[in-house]
Number of protein chains: 2
Amino acid sequence: MNRRRRSATSIDVARAAGVSQSTVSRALRGDPSVSAATRERVEEAAASLGYVPMESGRNLSTRATKRVGIVAPDLTNQFYPELIEPMRRALDRGGFRTILIPATDQDEQGLRSLANGSVDGVIFMNALLGDQLPNLVAARGVPTVLVNRELDQTSLDTSVVDNYGGAQLVADLIVSLGHERIAAILGPSSTSTSRDREAGFRMQLADHGIPLPSELMFRGSFSHETGSQGIDALLALRKPPTAIFCLNDVVAIGALSALHRHGYTPGKDVTVVGFDDISMASWDVFSLTTVRCGLVTLAKSAVELLIKRIADPSREHTRVVTAPELVLRSSHGPHHR
Amino acid sequence: MNRRRRSATSIDVARAAGVSQSTVSRALRGDPSVSAATRERVEEAAASLGYVPMESGRNLSTRATKRVGIVAPDLTNQFYPELIEPMRRALDRGGFRTILIPATDQDEQGLRSLANGSVDGVIFMNALLGDQLPNLVAARGVPTVLVNRELDQTSLDTSVVDNYGGAQLVADLIVSLGHERIAAILGPSSTSTSRDREAGFRMQLADHGIPLPSELMFRGSFSHETGSQGIDALLALRKPPTAIFCLNDVVAIGALSALHRHGYTPGKDVTVVGFDDISMASWDVFSLTTVRCGLVTLAKSAVELLIKRIADPSREHTRVVTAPELVLRSSHGPHHR
DNA sequence: TTGTAAGCGTTATCAC
DNA sequence: GTGATAACGCTTACAA
């Protein structure tokens with residue numbers, strides 16, 4: 001039954017301090033009903049035995065783990081850590097540990113790992129529009145929030161930017177620079193992010209009387225490669241676009257990188273605008289004009305929503321929408337006829 | 001005592017299936033001593049009740065959690081995710097979840113969170129030379145491995161590259177290109193990584209009869225900013241260097257970015273060499289000449305070491321050293337007199 | 001203020 | 001092949 005070398009338990013401490021086991025528990029948790037003298041004695045005994053309360057025991061008893069699962073995809077995509085890191089910090093401040101759940105676990109599998117009491121709550125950061133898992137998990141009574149992505153059929157707590165509005169900002173900017181042949185490098189239409197950014201961009205262009213023909217749309221994933229491939233494809237057109245809206249910064253930077261390879265100078269020969277404002281966007285080599293999402297704010301409010309729901313599972317569901325903001329750097333420029 | 005809506009337990013399943021609770025446990029874990037018929041019945045009952053075995057109960061009983069803590073710093077530094085992601089994957093394959101432990105928890109605090117049975121093992125990825133925590137944790141009987149960084153006073157399982165040798169490769173390359181005024185942007189001397197890379201570089205230069213005077217050394221952190229600041233400082237010299245070795249790729253890319261700002265073309269006007277070969281290094285904009293560490297290999301063997309130790313805590317400690325390899329891209333070039 | 005004792009949900013050891 | 005039953009280490013009524 002027991003494998004590893006058994007370490008001191010509260011019973012050992014109790015024995016050493018000459019008190020009951022429950023007093024040890026109380027003393028070490030700072031229960032005010034314990035006398036100063038007793039607490040002192042218990043703490044000494046605990047220290048001398050190198051006693052550390054075992055989590056599993058506490059978890060079982062309190063039915064809480066002080067752990068939160070973040071369902072996250074490939075950390076290697078520079079976007080995700082920019083959201084995970086501030087969430088992790090906020091969780092730490094709230095006394096929660098962060099546990100990484102692979103985004104590949106679906107339904108059955110996912111439920112087993114999320115609704116088994118191993119976490120007090122879950123944050124989904126890359127839900128696809130059709131995903132059932134978040135709803136299923138929530139239905140099991142596990143506090144759940146969505147960040148960055150949304151779901152249609154759901155009433156879960158959500159923290160997102162106004163993607164539609166942000167994309168409109170980009171369309172306005174590009175049009176105001178005099179561009180007419182405008183392209184877009186988009187992501188999977190199975191994500192709310194891509195869908196809303198595309199819709200906002202397309203609608204606002206239309207408002208200005210400019211179309212977004214399918215030959216000027218390149219659709220890929222949320223990756224650097226997509227940006228790069230998108231540029232290759234768009235530059236191969238008989239009449240390449242003069243401005244390109246990229247679904248997000250990672251893609252935009254892939255585009256910038258490919259433009260560099262093709263000998264183009266972004267901001268002069270071609271306009272590139274991203275979305276997110278990840279930290280790389282401000283690097284001198286890129287100096288990417290983009291839409292600031294306030295990722296830290298996004299992350300913080302997601303965590304806040306989760307912590308509130310953990311505290312009060314029956315509170316009303318909230319959708320927090322943060323306002324995007326255009327960040328003008330050097331990758332945009334006027335259209336030269 | 002119990003807060004959240006109580007969900008089905010193995011006892012409920014037992015009742016529903018008309019068997020004992022222990023049979024439920026056995027059946028669901030695939031114990032071969034359970035008859036096919038019984039297993040079927042139990043599985044049905046479990047499914048219909050939406051039963052998922054609760055981890056805390058199991059953890060307490062088995063004294064294992066199938067969780068591993070990765071002590072990690074800021075995920076926003078592009079290097080770390082490149083190591084964390086493959087470790088996370090390898091851990092997943094081994095049936096372990098990854099839990100992120102802030103690198104700020106030291107000694108007391110760290111012990112409380114790592115030696116409390118909440119993880120089956122710990123991986124330290126940014127240990128400082130003087131750190132006691134890894135040893136303390138290991139002394140508590142918690143399987144521990146170091147990856148990327150080493151400790152002097154320790155016999156822990158370790159997975160590292162040959163940093164000294166890798167830096168020698170860089171020195172050889174730079175010297176062979178005809179450079180004589182050679183600089184280095186280094187990191188905190190409190191890390192084995194920086195110490196060994198610096199030593200290897202310096203020694204090999206000396207071997208070629210070339211000094212590394214302190215005015216040509218810039219020391220900072222492992223960040224993009226350090227690379228950028230390093231370049232500013234080095235270019236401000238009356239006689240700037242013609243080649244610069246950067247402690248790692250993140251720093252090198254910061255340097256590249258700053259050079260771009262100063263109007264220099266790496267590979268032509270100045271040689272920059274990094275270390276690690278993170279994925280960004282191969283991006284077209286950077287095309288950084290660097291030393292490949294085999295981060296995935298590094299990660300995999302760290303996890304392998306950990307899993308082996310969890311299986312057999314008394315096995316001999318191992319230090320796995322992977323061989324670095326020069327990757328020639330475009331940020332280096334001959335010295336023009 | 002402290003002790004006693006009853007869980008918490010699982011696994012594992014015995015019998016049968 | 002299956003069922004009792006005893007852990008596992010902790011928190012928390014309830015009693016004293």
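Order of the sequence lines sets the chain letters (A, B, ...), proteins ahead of strands, with each chain counted from 1. Please read these numbers as outputs of a predicted model, since none were measured by experiment.
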Please output the side-chain donor-acceptor pairs of residues 131-139 of chain A that fall under 3.5 Å, not counting sequence neighbours, one pair per line with the distance.
unit_1, atom_1, unit_2, atom_2, d
A:D131, OD2, A:L128, N, 3.0
A:N135, OD1, A:T154, OG1, 2.6
A:N135, ND2, A:Q153, O, 3.1

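Every residue two or more places apart in sequence or in another chain that forms a side-chain hydrogen bond (donor to acceptor under 3.5 Å, both in side chains) with A:T65 is listed here: A:D120. Scored by the side-chain contact (heavy atoms from CB on, under 4.5 Å) test, A:E304 finds A:K308 as partners (sequence neighbours excluded). For A:S192, the side-chain contact (heavy atoms from CB on, under 4.5 Å) criterion is met by A:L129, A:R149, A:E150, A:R195, A:D196, not counting sequence neighbours. Under the rule for a side-chain contact (heavy atoms from CB on, under 4.5 Å), the partners of A:E43 that lie at least two apart in sequence or sit in another chain are A:L28, A:R39. Residues that satisfy the side-chain hydrogen bond (donor to acceptor under 3.5 Å, both in side chains) test with A:S221, not counting sequence neighbours, are A:S223, A:T226. Listed by chain and number, the residues in a side-chain contact (heavy atoms from CB on, under 4.5 Å) with A:R58 are A:P53, A:T62 (sequence neighbours excluded).
Contacts with DNA chain C (heavy atom under 4.0 Å) in residues 32-43 of chain B: none are found.
Across all strands shown, B:E55 has no heavy atoms under 4.0 Å from either base or sugar-phosphate atoms. The residue B:T9 sits close only to the backbone: its heavy atoms come under 4.0 Å of sugar-phosphate atoms, none of a base.
Annotation: salt bridge (Lys or Arg N to Asp or Glu O under 4.0 Å) contacts involving residues 44-56 of chain B, sequence neighbours excluded, comprise B:E55-B:R67. Contacts classified as salt bridge (Lys or Arg N to Asp or Glu O under 4.0 Å) and involving residues 12-34 of chain A (residues at least two apart or in different chains) are given here: A:R6-A:D12, A:D12-A:R15.
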Provide a list of protein-nucleic acid N or O atom pairs under 3.5 angstrom, restricted to nucleotides 14-16 of chain C.
none

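Side-chain contact, B:S25 with B:S22: no donor N or O sits under 3.5 Å from an acceptor N or O.
Considering only side-chain atoms of A:S22, the nucleotide from D:dT12, D:dT2, C:dT10 that sits closest is D:dT12.
Relative to the axis of its first five pairs, the axis of the last five pairs of the helix from C:dT1-D:dA16 to C:dC16-D:dG1 sits at 30°, rounded to 10 degrees.
Side-chain N/O atoms of B:R58 include none lying less than 4.0 angstrom from OP1 or OP2 on D:dC8.
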